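All remarks here apply to the structure that follows.
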Amino acid sequence: MWNRFQDHCLRKAFELLGVTRGPLTNNKKAKWWQPNVEEKVRNKKNRFKIWQKSGSDDDREIYRRVKKEAKRAVARAMATCDEDFYNKLENAKDDRELFRLARYRYANSLDIRTTKYIKNKDGHLLTSNSDIKARWWEHYSHLLNESSQFKVPTVENAVEGPIQEISTEEVRKAVKMMANNKANGPDEIPVEL
């Protein structure tokens, strides 16, 4: 029965909505990501795992040294990558070229998966960035400026009576029962759940 229901739902969804070609692929790769940087970062990750397993101070010092080296390698690679852009920026002949470079850099920094289509109050589709921003401004200005329907709650009588004070011994006992970095709530269930 479940398989028939699933097939029916999928068939109707295909008829009504169609099928996409898959998720958007973001082909943006960091220009500065080079083999030597990749090797240093991989070494840093491996050293971190070794330190976490052993917990020794020697491994911690080795990890800190390798981490510093990886950080320097990334910074150097990023600086050399941006050098070409900064040279173009310094050698720009006029304002047009300067603004062209700024637009190019801004367009490259945009996330491909941003929301490009929303509807206005009347249900018409908005596609330009300025219209979308204006619609969001309109939405939030309305949302933040409307009067609140909040009613002040009345004071109710206590149901369980006065709360007992927590003793130091109870706190010590609770701390001993806790796993490392896992605080239990009052019902002995970890906070993550």
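This structure is a prediction, so every number in the text was calculated from the model and none was measured.
Remark: Arg100 CZ to Arg103 CZ distance equals 8.5 Å, nearest 0.5 Å. We find the NZ-CZ distance between Lys67 and Arg72 to be 13.0 Å, quoted to the nearest 0.5 Å. Rounded to the nearest 0.5 angstrom, Tyr63 OH and Asp59 CG are separated by 12.5 Å. In this structure, CZ in Arg47 is found 7.5 Å from CZ in Arg65, a value given to the nearest 0.5 Å. Interatomic distance, CG of Leu10 versus CZ of Phe5, reported as 9.5 Å (0.5 Å rounding). The NE2 atom of His124 sits 12.5 Å away from atom CG of Asp131, with the distance rounded to the nearest 0.5 Å.
A pairwise comparison of heavy atoms in Glu170 and Glu165 identifies OE1-O, 4.0 Å as the closest pair. Smallest separation of non-hydrogen atoms from Ala77 and Val37: CB-CG2, 3.7 Å. Scanning all heavy atoms of the two residues, the minimum distance from Ala70 to Lys40 falls at CB-O, 3.9 Å.
With sequence neighbours excluded, the residues satisfying salt bridge (charged side-chain N to carboxylate O under 4.0 Å, His left out) with Arg42 are Glu38. For Glu61, the salt bridge (charged side-chain N to carboxylate O under 4.0 Å, His left out) partners two or more places apart in sequence, or in a different chain, are Arg64.
Ring orientation note: the planes of Trp136 and Tyr140 are close to parallel, at an angle under 30° on the 30°/60° scale.
Side chains of Lys44 and Phe48 form no contact here, defined as non-hydrogen atoms less than 4.5 Å apart. Counting heavy atoms from C-beta on, the side chains of Arg135 and Lys121 come closer than 4.5 Å.
Within 6.0 Å of CD on Glu39 lie no more than 12 heavy atoms contributed by other residues, nucleotides or ligands. Ile166 CD1: 12 or fewer foreign heavy atoms inside a 6.0 Å radius. The 12-atom threshold is not exceeded at CG of Asp57, counting heavy atoms of other residues, nucleotides or ligands nearer than 6.0 Å.
Put simply, the side chain of Asn120 gets close to the backbone of Asp122: a donor and an acceptor are under 3.5 Å apart.
Other members of the cluster containing Val66 are Ile62, with ILVMFWY side chains joined at under 4.5 Å, either directly or via other members.
Following chains of ILVMFWY side-chain contacts shorter than 4.5 Å, one cannot reach Leu144 starting from Trp137, and the two form parts of different hydrophobic clusters. Tyr104 and Tyr86 are members of different hydrophobic clusters when ILVMFWY side chains are connected at heavy-atom separations under 4.5 Å. A continuous path of ILVMFWY side-chain contacts below 4.5 Å connects Leu143 to Leu126, so both sit in one hydrophobic cluster.
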If you apply the rule side chain to side chain contact (heavy atoms under 4.5 Å, CB included), what do you find for Arg172 with Thr168, and how did you get there? CA-CA 6 Å; Arg172 284 191 184 123; Thr168 309; 3.8 Å; yes

